[in-house]
Amino acid sequence: MSSSGSTGPTGMVDWETAVSIGSRIAGDGPAVGAAEARDVVAELREGADRSTALVREFTGLHAAERTAPVLVVDRPGWVRANAEAFSTIIEPLAAKLSEKKGPPTGLSKTVGSKITGAEVGFLLGFLGGKVLGQFDPFAEPAGRLLLVAPNIVHVERELEADPHDFRLWVCLHEETHRVQFTAVPWMRDHLFAEIGRLIDAVKPDAIPDDLGRRISEMVRGEGSLLDLMSTPEQKEVVDRLTGVMSLLEGHADVVMDGVGPTVIPSVKQIRKRFNERRKGVGVLDKMLRRLLGLDQKMAQYRDGAGFVRAVVDKAGMDGFNAVWERPEHLPTKTEIHDPAVWVTRVLG
């Protein structure tokens, strides 16, 4: 996303409008004094650094220290980062439309892009007030870990959780995602390639003339890219994406539950209270699912942790870690439901 222009290359979405509206809707968060804010930021950075070794010891995955940067951000910072991530999916699709009918010009370009930008902004603003942290794989060169300080403070107060325990608990989950993408060197490129295959498989003739309106509907959850896709090839890509995203989220939950009791005294209380308020999984994940039409597959995400536990019980952590050796070892959508099939296929 260009930081100087108001629109992306195709002019389909005014990303600066999205960031502006999203930042206003997200707001500043809870009242925190300057000294407390400095302490929170320092503790989150320390928690992320500490979590690297904890994740390594539990999983056997070795990620070099600070392979991808850890950024403690406010709500507007999160909104801008995710507008950049969102644009990497929207813009290639919009370019397809340009192949069909040419890029929008004049008044239609200005009005249409601002309307769609506003729709994206409302979504980013809503989520920007809720997300605690995420690993953003889209940032160059190796992704980045975002920890949203005001939201972490808000939730720890809401749950009446021990602040130090809760902050480490959040760091542990998000650092697991950072390790997944940095200790497994092909994972990031694999995810990009799969999303690229999905978009490349969309034929220009299949894209409606009112794609801007359709994108707005997708953002609101009233449709998805799958509405434009019907070929076996496209469905196969969606199934593979569902499998890998289920794996990543399930693995992070297993790590949290495995490591947490050893370093976080109040982890059981935190988990119980957090589960009562939890709505889905990672926020970038939510955006991808909404755009790609994967919301209806939420059960697969819940099954991800079950897959990891079943394989570890059967083959140990070393056996499970074969999943990270090459893309062909990633579980399919079917294998997420039936781990024994994966064990037979990969481990023999």
Side-chain angles (χ1 to χ4, degrees), residues 12 82 85-97 120 123 127 134-138 177 180-181 184 186-208 211 214-253 280-308 323-324 326-339 341-342 345-346:
M12 183 64 66
N82 278 268
F86 217 9
S87 72
T88 64
I89 300 172
I90 295 293
E91 288 299 336
L93 185 61
K96 288 265 190 176
L97 178 63
V120 174
L123 172 68
L127 296 176
Q134 78 182 71
F135 182 76
D136 170 17
F138 293 100
H177 287 313
Q180 289 166 345
F181 279 94
V184 183
W186 51 262
M187 182 62 74
R188 185 169 177 266
D189 288 341
H190 176 72
L191 179 63
F192 290 0
E194 291 285 53
I195 293 174
R197 290 186 190 100
L198 194 61
I199 293 174
D200 287 345
V202 178
K203 305 303 181 185
D205 288 344
I207 299 177
L211 181 61
R214 296 287 290 273
I215 289 174
S216 297
E217 292 174 350
M218 293 174 196
V219 168
R220 295 195 300 269
E222 299 171 5
S224 73
L225 290 182
L226 292 187
D227 296 333
L228 308 179
M229 301 174 188
S230 59
T231 69
E233 176 190 1
Q234 292 163 343
K235 292 178 179 178
E236 287 176 6
V237 175
V238 170
D239 284 353
R240 291 198 300 269
L241 278 170
T242 301
V244 69
M245 293 164 76
S246 299
L247 169 71
L248 296 177
E249 284 298 329
H251 183 248
D253 268 0
V281 288
V283 173
L284 178 60
D285 212 37
K286 288 180 181 178
M287 293 169 63
L288 287 172
R289 289 204 319 271
R290 181 172 293 194
L291 188 62
L292 299 176
L294 302 179
D295 273 333
Q296 67 272 31
K297 301 179 183 295
M298 269 304 299
Q300 311 242 345
Y301 291 83
R302 294 192 296 269
D303 290 343
F307 169 84
V308 175
V323 78
W324 312 116
R326 58 181 63 90
E328 293 78 14
H329 284 187
L330 290 171
T332 65
K333 184 179 72 170
T334 298
E335 290 168 341
I336 288 290
H337 287 287
D338 193 349
V341 175
W342 181 89
R345 177 175 69 87
V346 175

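Because the structure is predicted, anything quoted here is derived from the model rather than measured.
- For the atom pair CG of Asp303 and OG1 of Thr242, the computed distance is 12.0 Å after rounding to the nearest 0.5 Å.
- Looking at heavy atoms from C-beta onward, Asp239 lies out of side-chain contact with Thr332 at the 4.5 angstrom threshold.
- Note on ring orientation: taking the six-membered ring where Trp is involved, the planes of Phe135 and Phe181 are parallel (angle under 30°, cut-offs 30° and 60°).
- For the pair Arg197 and Glu194, the tightest heavy-atom approach, listed with the atom from each and the gap, is NH1-OE1, 2.7 Å.
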Inset, instruction - Could you walk me through whether His190 and Val184 pass side-chain contact (heavy atoms from CB on, under 4.5 Å), step by step? - result: CA-CA 10 Å; His190 176 72; Val184 183; over 6 Å; no
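- Leu241 is listed as a side-chain neighbour of Leu198, based on a closest heavy-atom distance under 4.5 Å.
- Classification of the Phe307-Trp342 ring pair by plane angle, with boundaries at 30° and 60°, yields perpendicular.
- Between Pro137 and Phe192 the shortest heavy-atom distance is O-CZ, 3.0 Å.
- Across all their heavy atoms, Ala305 and Asp253 have their closest contact at CB-CB, 4.4 Å.
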Inset, instruction - Please lay out, stage by stage, how His177 and Glu249 fare under the test side-chain contact (heavy atoms from CB on, under 4.5 Å). - result: CA-CA 8 Å; His177 287 313; Glu249 284 298 329; 3.3 Å; yes
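- In this structure, the side chains of Glu335 and Val346 stay at 4.5 Å or more apart for every pair of heavy atoms.
- The closest side-chain heavy-atom distance from Val323 to Pro331 is below 4.5 Å.
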Legend entry - side-chain contact (heavy atoms from CB on, under 4.5 Å) between Met187 and Val244, intermediate numbers included: CA-CA 10 Å; Met187 182 62 74; Val244 69; 3.9 Å; yes
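- Ser246 and Ile336 make their closest contact through CB-CD1, 3.9 Å (heavy atoms, listed as atom of the first residue, atom of the second, distance).
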